[in-house]
Amino acid sequence: MTKEIGITVKKSNDFSDWYTQCVLKSSIADYSPSKGFIILRPYGYAIWEIIRELLDDELRKTGHKNGFLPVLIPESLLTKEKDHFDGFMPEVFWVTKSGDSDLGEKLAVRPTSETIAYSMFSKWISSYRDLPLKMNFWNSALRAEIKSTKPLIRNSEFLWQEGHTAHKDENEADEEVRVILDIYKNLIEQFLALPTLSGFKTDKEKFVGAKYTTCLESLMADGKALQMATSHHLGQNFSRPFEIKFLNKDTVEQFVWQTSWGISWRVIGAIIMVHGDDKGLILPPKISPTQVIIVPIYKDDSKAVVKQKAYELEQKLKESKIRAQVDDRDAYTSGWKFNDWEMKGVPLRVNVGLRDIKENKVELIRRDTKERFYVTEKELVNQSLSTLEKIQSNMFDRAKIHLQENTRSATTLEELLSVLDTFGGFVACSWCGKRECEDLVKEKTTADIRIVPFNPKNNISSCIGCGKQETIEVYFGRAY
RNA sequence: GGGGUUGUCGUCUAGCUUGGUAUGAUGCCAGCCUCGGGCGCUGGAGGUCGUCGGUUCAAAUCCGACCAGCCCCA
């Protein structure tokens with residue numbers, strides 16, 4: 001009779017259903033009444049807030065300032081950079097009316113903010129002294145997703161940050177692109193415990209309007225790739241149409257060099273997909289809203305003393321900056337609470353009951369390994385701190401092994417298809433650099449080039465598409 | 001873009017073939033019970049059957065359109 005409450009499918013049997021159940025039943029998010037939109041609930045938003053604070057901190061340290069942009073963009077601005085507009089056009093929502101009357105110029109609901117940001121940059125920048133201009137915006141973006149929506153992974157609206165910068169020369173913009181990608185990589189690997197591949201996008205896959213795009217790719221448990229974050233070098237592609245010019249020291253007027261970059265709530269979906277198990281989520285300690293959940297186990301006559309002890313433990317943990325919480329709800333049994341917190345993915349649980357109090361100990365249970373052990377009350381704080389660290393690194397290591405074991409190579413189209421069909425994952429191949437070969441592989445295998453790695457392994461052979469000899473190494477994969 | 005499939009108290013669900021005022025569980029509320037892996041007992045509240053329209057004396061049920069969810073393929 002209790003079977004219906006938790007996650008009812010195995011991760012390995014029906015990954016898609018498992019994922020959706022995880023999102024809904026852990027109360028991270030819920031569907032909204034309109035197609036393709038979701039509602040982030042307090043538990044999900046708490047995770048997002050932690051991620052946001054971590055990233056904000058790094059951006060502040062590197063000289064970026066937060067601002068806010070309007071959600072509506074006049075059509076004339078959005079269409080100024082042609083490639084950019086053509087790329088986004090199919091999924092732009094338009095506002096055409098105010099009340100009953102038609103608007104003179106229709107307004108786009110932002111699919112991304114380059115155009116409106118840069119129309120302002122051109123006002124704000126006139127001298128080399130105004131540079132670099134490094135701004136960041138925490139907002140949402142809207143892109144109409146008609147089909148294949150998946151909570152947090154692909155929705156018509158998503159939370160993200162978008163950074164926009166302007167620089168005096170190309171090198172400085174190059175450097176900015178790299179610095180940002182490093183910040184993302186550190187956040188994703190060290191805090192979200194998700195290993196990534198880093199590199200360039202091909203011209204086909206790059207951000208529309210960019211000179212080049214760098215990105216981080218991760219591998220989900222079902223063998224599909226997921227783009228985690230991107231950092232674009234925009235060259236002068238936007239500064240020319242938007243006339244963002246400055247007078248240099250040498251009194252020569254120049255266009256600025258720009259970057260833009262972003263990371264979205266999609267990473268929360270990735271955390272679920274990579275780390276979760278049949279019981280639900282497993283959250284990396286560093287971004288878990290609750291790091292230690294304390295479950296007091298009591299009968300009526302022991303309730304007061306056990307709860308009191310639980311609050312004491314909570315206080316001690318909090319004094320050591322551990323996000324601890326007592327589940328003091330009387331309405332649920334302890335067994336129910338165990339399952340509930342496991343589904344929510346809290347990394348470490350403390351069980352404390354009357355018999356533990358008498359023996360001056362508590363039980364610790366790791367979410368990642370299900371390992372359980374007793375510690376004395378005195379050891380609790382230190383044991384919790386060190387166990388949380390172990391969980392954090394164990395989660396990364398496990399995911400890293402999964403990534404390595406599912407990164408293979410292929411030298412022919414047939415081999416590539418067979419590897420993809422059998423295992424999924426990333427497949428290293430050689431590629432001549434031509435769009436035709438990239439398209440051919442897509443057509444034959446539905447996979448695309450996820451990344452042109454910064455650090456190729458140098459197993460170069462002839463092109464997977466045309467067989468030409470001069471090639472570079474790329475990673476193919478089927479993606480979300 | 002193409003194809004398939006689903007929608008019934010908060011949630012899951014029976015009923016639909018063959019039209020006649022909706023079943024059960026869980027959750028919720030009250031009371032009792034008490035908690036070491038989703039306790040138990042008693043009572044109670046809760047439903048425009050996704051929406052709109054059509055057929056009919058009568059529609060959850062038949063027909064159409066739309067909305068929303070999910071799956072497969074491109």
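Here is the naming used below: chain letters follow the sequence lines, and residue numbers restart at 1 for every chain.
Note on A:T446: only backbone sugar-phosphate atoms sit closer than 4.0 angstrom, heavy atoms only; bases stay farther off. Across all strands, A:D17 comes closer than 4.0 Å to no nucleic acid atom at all (heavy-atom distances). Contacts of A:R349 with the nucleic acid, taken as non-hydrogen atoms under 4.0 Å apart, include base atoms. Counting non-hydrogen atoms under 4.0 angstrom, A:Y332 reaches a base of the nucleic acid.
The gap from the P atom of B:rC66 to that of B:rG27 amounts to 40 Å, rounded to the nearest Å. When the P atom is used for both B:rC41 and B:rU21, the distance is 32 Å, rounded to whole Å. B:rC62 and B:rC16 have their C1' atoms separated by 10 Å, with the value rounded to a whole Å. When the P atom is compared between B:rA58 and B:rG20, the two are found 14 Å apart, to the nearest whole Å.
A salt bridge links A:R329 with A:D327; the closest basic N to acidic carboxylate O contact falls under 4.0 Å.
A:K211 meets the side chain to side chain donor-acceptor pair (under 3.5 Å) test with A:E170; sequence neighbours excluded. With sequence neighbours left out, the side chain to side chain contact (heavy atoms under 4.5 Å, CB included) criterion links A:P456 to A:P453, A:N458, A:E473. Contacts of A:L159 classified as side chain to side chain contact (heavy atoms under 4.5 Å, CB included), with partners at least two apart in sequence or in another chain: A:L40, A:Y45, A:W48, A:S140, A:W265. Take A:W94 and apply the ring pair (Phe, Tyr, Trp, His ring centres under 6.0 Å) test, not counting sequence neighbours, and it matches no residue. A:H275 pairs by the ring pair (Phe, Tyr, Trp, His ring centres under 6.0 Å) definition with nothing, not counting sequence neighbours.
The phosphate of B:rC70 has OP1 or OP2 within less than 4.0 Å of a side-chain N or O from A:T149. For A:K35 and B:rG69, the shortest distance from a side-chain N or O to OP1 or OP2 is below 4.0 Å.
Counting distance only, with no hydrogens placed and no angle test, the side-chain atoms of A:R372 and the base atoms of B:rG37 include a donor-acceptor pair under 3.5 Å.
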Per-pair distances, 0.1 Å, donor-acceptor, side chain in residues 216-224 of chain A, under 3.5 Å, sequence neighbours excluded:
| residue | atom | partner | partner atom | Å |
| --- | --- | --- | --- | --- |
| A:E217 | OE1 | A:R450 | NE | 3.0 |
| A:E217 | OE1 | A:R450 | NH2 | 3.4 |
| A:E217 | OE2 | A:K201 | NZ | 2.8 |
| A:E217 | OE2 | A:R450 | NH2 | 3.2 |
| A:S218 | OG | A:P195 | O | 2.9 |
| A:D222 | OD1 | A:K224 | N | 3.2 |
| A:D222 | OD2 | A:Y480 | OH | 2.6 |

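The salt bridge (Lys or Arg N to Asp or Glu O under 4.0 Å) pairs that include a residue from residues 422-441 of chain A are A:K204-A:D439, A:R435-A:D439, where partners are two or more places apart or lie in different chains.
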Original post:
Would you write out the dot-bracket form of RNA chain B, 5' to 3', with Watson-Crick and G-U pairs under 3.5 Å, [ ] for crossing pairs, | for pairs to other strands and . for unpaired bases?
Top reply: ((((((((.[[[..)....(...]]].(((((.......))))).....[[[[[..)....]]]]]))))))).

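Using a 4.0 Å cut-off on heavy atoms, the residues of residues 354-363 of chain A that approach RNA chain B are A:L354, A:R355, A:D356, A:E363, listed by number.
The number of heavy-atom neighbours closer than 6.0 Å to NZ of A:K468, taken from other residues, nucleotides and ligands shown, is above 12.
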